[in-house]
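Side chains included, hydrogens not; waters and symmetry mates left out as well; all remaining heavy atoms used. Reminder, nothing fancy here: chain letters follow the sequence lines and each chain counts from 1.
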Amino acid sequence: MTFTLATWNINSVRLRESLVCKLMEEEAPDVLCLQECKSPVEKIPLERFRALGYNWIVARGQKGYNGVAILSKLPLTEAGGEDYANLGHARHVAGRLENGVTIHNFYVPAGGDIPDRTQNEKFGQKLDFLTHMRDDFHAAKPQKSILVGDLNIAPREDDVWNHKQLLKIVSHTPIEIEHLAQTQDAGAWVDVTRKDIPEGLLYSWWSYRAADWDTADKGRRLDHVWATPDIANASHGSRVLRAARGWEQPSDHAPVFATFDL
DNA sequence: ATGCCCACTTCAAGTGGA
């Protein structure tokens, strides 16, 4: 079977219900992983999504903040959701397809402004969240798994518009990149997006603050698609739907896609 | 560092995003 998956930080699933539908109609990924739904699960507007063929959902939600959901056209069963770093936040949910592939959907904490855990508690929480992920993957090596989400870290020099200028900016500091690398190594995760697009600048997020995000193009690649080695070579066709950042009243993130032949 | 935005809660201004 072949299926296409997309991950998108939607920045309020209720406010942008119509944009989710637009993506479903125009791009029709078989599996759509959303972050920052900012909604309790029972208030996610599922009826229009179901009408477009997305009959399966697993989600974790909370009022106003965070929230992750996997909407699927393929049968999908609940496969857990963990409170990493014990923050009491809805930042992880997992589902399993009938072919046995597990899909993890993550929203890693942004980490605040100051990249120092002694001055900024949120930065410590971000590092602890990644450490907890690492320890879990080390304890139980994931297999036949895909990990997607807003990891809030742009690890490579060509994942940001200016490497040197961003070295002390949260999302691109060496300590965050090291934590992310340890998490990736613990599960032997393959960066599918960079397997498919190994060269060149690649972004999935552009700040709302820039007057003209498209021309300035000061982006970062914060949204990722990873896979375990047993299925990573079945992936292809990765892309960022940059156009979605220019849709009316957009999210500040663009969807990232990958296709798997399994 | 970007430039002064955007969403949520709840109706004013604070928190959080990154």
Worked check of side chain to side chain contact (heavy atoms under 4.5 Å, CB included) between Arg50(A) and Tyr54(A): CA-CA 5 Å; Arg50(A) 286 209 180 92; Tyr54(A) 293 81; over 6 Å; no

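Within 4.0 Å of Asp150(A), counting heavy atoms only, lie sugar-phosphate atoms of the nucleic acid but no base atom. Among the atoms of the strands shown, none is found under 4.0 Å from any heavy atom of Asn162(A). Lys168(A) comes within 4.0 angstrom of nothing in the nucleic acid, heavy atoms only. Using a 4.0 Å heavy-atom cutoff across all strands shown, Trp161(A) reaches sugar-phosphate atoms only and no base atom.
Considering only side-chain N and O atoms, Tyr203(A) lies nowhere under 4.0 angstrom from the phosphate OP1 or OP2 of dT2(B). Between His253(A) and dA18(B) there is a side-chain polar atom (N or O) within less than 4.0 angstrom of OP1 or OP2. Residue Lys218(A) places no side-chain N or O under 4.0 Å from the OP1 or OP2 atom of dA1(B). A sub-4.0 Å separation between OP1 or OP2 of dG17(B) and a side-chain N or O of Lys122(A) is present.
When the shell of 6.0 Å around NE2 of His138(A) is examined, it contains 12 or fewer heavy atoms from other residues, nucleotides or ligands.
Across dT15(B) and dG3(B), the matching P atoms stand 26 Å from one another, rounded to whole Å. Distance noted for atom C1' between dA7(B) and dC11(B): 15 Å (whole Å).
If you measure from atom CD1 of Ile114(A) to atom P of dG17(B), you get 14 Å, rounded to the nearest angstrom. As rounded to whole Å, 17 Å separates atom P of dG16(B) from atom CG of Asn9(A). Between the CZ atom of Phe123(A) and the C1' atom of dG16(B) there is a distance of 17 Å, given to the nearest Å. What separates CD1 of Ile153(A) from C1' of dG17(B) is a distance of 15 Å, to the nearest Å.
Between the side chains of Ser145(A) and Thr228(A), no donor-acceptor pair of N or O atoms lies under 3.5 Å.
For the pair Lys218(A) and Trp206(A), the NZ or CZ position fails the cation-pi test of under 6.0 Å to the six-membered ring centre and within 45 degrees of the ring normal.
At distances below 3.5 Å, not a single donor-acceptor pair connects side-chain atoms of Arg117(A) with backbone N or O atoms of Leu127(A).
In this structure, Ile70(A) is a member of the same hydrophobic cluster as Val148(A), with clusters built from ILVMFWY side-chain heavy atoms closer than 4.5 Å.
Each of Tyr65(A) and Arg220(A) was matched to the nucleotide of DNA chain B holding its nearest heavy atom; the match closer to the 5' end belongs to Arg220(A).
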Distances under 3.5 Å between protein N/O atoms and the N/O atoms of nucleotides 4-7 of chain B, please, pair by pair.
{"residue": "dC5(B)", "atom": "N3", "partner": "Arg209(A)", "partner atom": "NE", "Å": "3.3"}
{"residue": "dC5(B)", "atom": "N4", "partner": "Arg209(A)", "partner atom": "NH2", "Å": "2.8"}
{"residue": "dA7(B)", "atom": "OP1", "partner": "Arg16(A)", "partner atom": "NH1", "Å": "3.1"}
{"residue": "dA7(B)", "atom": "OP1", "partner": "Arg16(A)", "partner atom": "NH2", "Å": "3.3"}
{"residue": "dA7(B)", "atom": "OP1", "partner": "Gln249(A)", "partner atom": "NE2", "Å": "3.3"}

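In this structure, Glu178(A) CD and Thr173(A) OG1 are separated by 11.0 Å, a value rounded to the nearest 0.5 Å.
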